[in-house]
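In what follows, a structure is listed as structure tokens, so that the remarks can point back to it.
All residue numbers refer to positions in the sequence shown, counting from 1. On a predicted model such as this, the values are computed, not experimentally measured, just so you know.
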Amino acid sequence: MSGTVVPLHKTPAPPDTEPGPNLTVVPEPAPAPVVPLWVRSGRALKTAVTHEHTKNAGRLAVRHSMYVIGGTRIVTRRTWDGRTGARYERLLRAAEAAGNYEVAAEWEERLQRFREARHRRRMDLLTSPVDAAKGLAVGTGAGIGTLVGLGVVLAIANEDVTDVLTPLMAVIELIRLLINIVSVVWGPAMKVGPLLALLALWSVGRKAQAAPNWVLPANVRNGEGEPITPSIVVKALRDLGVPALRNAIKEMGDAGAAMLGPIRIAGCGVEVDVTLPSGVSTVEVQQRRRKLAENLTRHEHEVFITLPEAARTVRLWVADSGALDEPIGPSPLVTDETMTADYTKGKAPWGQDLRGDAAALSLYQRHLLITGLSNQGKTVALRSLALWLALDKSVQFLMGDLKGVGDWAMFDGLASTLIQGPTDEHVIEVTEMVEGAVEEMNRRIQAPPGTIFPPLIVLVDEAQVAFMCPAKDDQKRPYGGSKANSRYFMAVRKIHNQGRAVNVLMWQGTQDPTNENLPKLVREGAHTRASLALGTESQARMALGDKAVDGGAAPNLLRPGLDRGTLVVASDGIAIPAGQSSITVRTHYINDDDAKAITDRAKALRDGVTTLHAIDRGEQRDELTDILSVLGDAPRVRTKDVLARLATLSADAYGTWSFINLKRVLDEAGAEPYKSDGVMVVSRDRVARALANRPDDEGPDASISHVD
């Protein structure tokens with residue numbers, strides 16, 4: 001048995017003692033395996049090669065070596081261009097590829113003039129040796145004569161005949177001194193000269209970053225914030241993966257920049273028009289937006305491609321790196337407490353376009369539709385337009401919020417009707433609200449020509465809830481859907497068809513547009529169509545229309561969550577650059593507290609509005625009580641406004657009322673209307689007093705309107 005003997009107790013055993021009852025044997029540890037020297041050397045070499053310091057040193061050596069090679073190539077090409085007509089030939093081919101034959105003819109003429117001048121210079125070289133020899137002989141003789149003449153003058157002045165050769169000897173000594181200096185400097189110059197030449201080539205290559213991308217420094221390799229130059233744009237287009245475009249640029253050489261218009265500063269980025277070569281479609285460039293953005297060292301959302309009026313041309317807008325992720329600042333509605341609105345001539349301050357210019361939208365006689373995925377800022381964008389328009393005291397609102405979480409609660413006391421909730425019952429009430437607006441529209445249409453009507457905005461947020469509502473009325477007509485008997489659908493269509501002429505306008509906000517929750521006839525009836533981020537191109541076409549999407553509109557390329565509040569707008573109510581069918585707007589964010597402050601200012605402009613939160617359908621009504629309720633807190637209200645509010649309260653009971661009906665009820669109650677400042681008004685105190693003094697036997701039942 002091999003091993004070390006260890007005692008069980010503290011009593012040591014003699015070194016030669018055999019294992020016994022009080023002893024145990026602990027095996028000796030196995031010796032460590034012996035690693036061959038070549039294995040250890042290989043591991044050390046592998047660690048050294050793969051170490052980050054080694055990699056960095058390798059990249060450094062390759063980078064600076066490639067700077068010299070790249071600089072040599074650049075200098076050689078510049079020299080070749082200066083000595084030959086290669087530059088003119090490239091520009092000539094570029095003009096031909098672009099189809100600009102007038103410019104091509106001009107470059108051909110310049111090339112011909114260059115060749116003629118070069119031919120004259122070469123012919124002059126044939127006679128230059130003889131001319132040079134003659135000139136040297138004449139010059140030398142004249143110089144010696146001059147020096148001798150100067151020596152004669154000097155000898156006469158000094159009365160020393162030896163001074164005749166003094167100027168000539170001085171020149172000879174100067175020549176000898178120069179020869180000595182050259183002989184001393186020549187050796188070191190021959191050694192230092194090549195180093196200086198290499199340093200110059202390295203400097204040229206370093207300035208042009210003439211090295212593979214993988215060896216460049218990290219900040220250069222990432223290219224974040226790299227300015228957009230013609231060469232960068234040409235390279236990005238060349239590497240786009242379009243064979244016809246690549247071949248055309250290859251023929252053009254460095255003159256591919258001839259495709260580009262001037263690069264203009266545009267807001268937080270730059271803009272450039274690119275005239276594509278023959279055989280290249282604008283669609284091929286549009287479909288490669290992500291690759292083009294990456295070639296320009298930008299993210300996809302930082303490059304926008306649109307189609308200007310010029311044929312075979314794309315307009316590229318390239319944002320400064322990270323600029324679109326910065327907020328645009330507060331709305332003028334928040335910062336300017338004196339701002340008012342003008343429905344007819346004014347424009348709502350909605351946000352900024354990509355250039356950084358203010359984007360304002362005209363709402364005059366335009367139906368509105370805003371779509372987008374959930375939680376992208378649709379309600380805030382729609383609400384900001386309503387907040388501005390509320391500052392025009394002539395505008396009336398009928399509002400239905402089918403989300404019902406209080407996003408429109410600040411319009412309580414400002415809107416004539418405000419229904420909030422997502423249930424089928426709320427959809428029914430919103431539908432009847434829209435149908436009431438249709439009746440008001442018909443009444444206005446039948447009015448005498450030339451009658452001016454105040455704007456009536458019928459606003460429904462989360463309209464997809466109404467379109468998808470399965471509820472039906474007593475006659476089995478569905479409230480939702482897109483059939484001819486669908487009540488909400490048909491009411492919206494009627495307003496779209498005729499409401500604009502009498503200032504009854506339909507505004508809708510909806511999520512995730514599809515044919516089921518946003519029928520085609522409804523979405524195409526809106527004059528202003530705007531979309532936040534969407535999931536697919538087909539949804540973008542539903543939201544904005546085929547023309548806008550074919551022209552470059554791409555809300556499906558916006559980043560959900562990151563581009564919250566950014567809209568693509570197609571409307572004649574906003575300034576859109578010539579040749580484009582849409583514009584991208586970054587809307588101002590107005591939070592609930594600021595929105596409430598704006599509506600408080602709007603309420604101060606009005607006499608007071610009683611907001612209805614439900615639509616009464618077929619109930620028995622107390623006419624005098626209803627009149628008191630619509631008067632609100634104002635001491636007196638014009639009879640015209642009382643009639644309009646009663647019609648809003650219940651179209652069935654009061655929709656056909658005239659001044660005669662109102663006067664009859666008030667006269668019977670002893671609260672007759674009277675004139676104030678030349679107009680007929682109803683006194684709140686008179687109505688309240690008449691209602692309080694009404695005998696019990698003439699209580700509510702005695703003044704009830706029965707509606708079948």
Side chains of [X] and [Y], heavy atoms from C-beta outward: is any pair under 4.5 Å?
{"X": "Met339", "Y": "Leu333", "answer": "yes"}
{"X": "Leu363", "Y": "Leu505", "answer": "no"}
{"X": "Tyr654", "Y": "Val642", "answer": "no"}
{"X": "Arg493", "Y": "Pro519", "answer": "no"}
{"X": "Thr275", "Y": "Asp273", "answer": "no"}
{"X": "Val492", "Y": "Val460", "answer": "no"}
{"X": "Phe397", "Y": "Leu459", "answer": "no"}
{"X": "Arg636", "Y": "Ser676", "answer": "yes"}

Treating [X] as the side-chain partner and [Y] as the backbone partner, does any N or O pair qualify as donor plus acceptor under 3.5 Å?
{"X": "Arg564", "Y": "Asn375", "value": "yes"}
{"X": "Ser416", "Y": "Leu398", "value": "no"}
{"X": "Asp401", "Y": "Gln420", "value": "no"}
{"X": "Thr313", "Y": "Ala311", "value": "yes"}
{"X": "Trp350", "Y": "Val585", "value": "no"}
{"X": "Thr599", "Y": "Phe411", "value": "no"}
{"X": "Gln539", "Y": "Gly535", "value": "yes"}
{"X": "Lys603", "Y": "Asp412", "value": "yes"}
{"X": "Arg315", "Y": "Thr306", "value": "no"}
{"X": "His299", "Y": "Ala293", "value": "no"}

### Query
Asn503 and Gln396: side chain to side chain contact (heavy atoms under 4.5 Å, CB included), yes or no, with the steps?
CA-CA 10 Å; Asn503 284 332; Gln396 303 172 3; over 6 Å; no

### Message
Under 6.0 Å from the ring centre and within 45 degrees of the ring axis: does the NZ or CZ of Arg500 meet both conditions for the six-membered ring of Tyr364?
### Response
no

I'd like to know whether [atom1] of [X] has more than 12 heavy-atom contacts from other residues, nucleotides or ligands below 6.0 angstrom.
{"X": "Lys393", "atom1": "NZ", "result": "no"}
{"X": "Arg638", "atom1": "CZ", "result": "no"}
{"X": "Lys403", "atom1": "NZ", "result": "yes"}
{"X": "Leu605", "atom1": "CG", "result": "yes"}
{"X": "Arg290", "atom1": "CZ", "result": "no"}
{"X": "Asp633", "atom1": "CG", "result": "no"}

### Task
Could you point out which residue of Pro513, Pro560, Pro555 forms a side-chain contact (heavy atoms from CB on, under 4.5 Å) with Leu373?
Pro560

Just how far is it from atom [atom1] of [X] to atom [atom2] of [Y], taken to the nearest 0.5 Å?
{"X": "Ile574", "Y": "Leu361", "atom1": "CD1", "atom2": "CG", "value": "5.5 Å"}
{"X": "Leu245", "Y": "Glu284", "atom1": "CG", "atom2": "CD", "value": "8.5 Å"}
{"X": "Arg366", "Y": "Trp507", "atom1": "CZ", "atom2": "CH2", "value": "11.5 Å"}
{"X": "Leu402", "Y": "Thr510", "atom1": "CG", "atom2": "OG1", "value": "10.0 Å"}

Is any side-chain N of the basic residue among [X] and [Y] closer than 4.0 Å to the acidic one's carboxylate O?
{"X": "Asp592", "Y": "Lys596", "answer": "no"}
{"X": "Glu440", "Y": "Arg444", "answer": "yes"}
{"X": "Asp461", "Y": "Arg383", "answer": "no"}
{"X": "Arg541", "Y": "Glu537", "answer": "yes"}
{"X": "Glu462", "Y": "Lys378", "answer": "yes"}
{"X": "Glu294", "Y": "Lys291", "answer": "no"}
{"X": "Glu435", "Y": "Arg487", "answer": "yes"}

Tell me the closest heavy-atom pair linking [X] and [Y], and the distance in Å.
{"X": "Ser571", "Y": "Thr528", "result": "OG-OG1, 2.7 Å"}
{"X": "Leu544", "Y": "Arg529", "result": "CD2-O, 3.4 Å"}
{"X": "Val568", "Y": "Ala553", "result": "CG1-CB, 3.7 Å"}
{"X": "Leu237", "Y": "Leu260", "result": "CD1-CD2, 4.4 Å"}
{"X": "Gly329", "Y": "His588", "result": "O-ND1, 3.1 Å"}

### Task
Output, in order, the C-alpha distance, side-chain angles, deciding distance and verdict of side chain to side chain contact (heavy atoms under 4.5 Å, CB included) for Tyr343 and Gln365.
CA-CA 9 Å; Tyr343 162 76; Gln365 292 188 346; 3.5 Å; yes

### Query
Would you call the rings of His367 and His496 parallel, tilted or perpendicular if under 30° counts as parallel and over 60° as perpendicular?
tilted

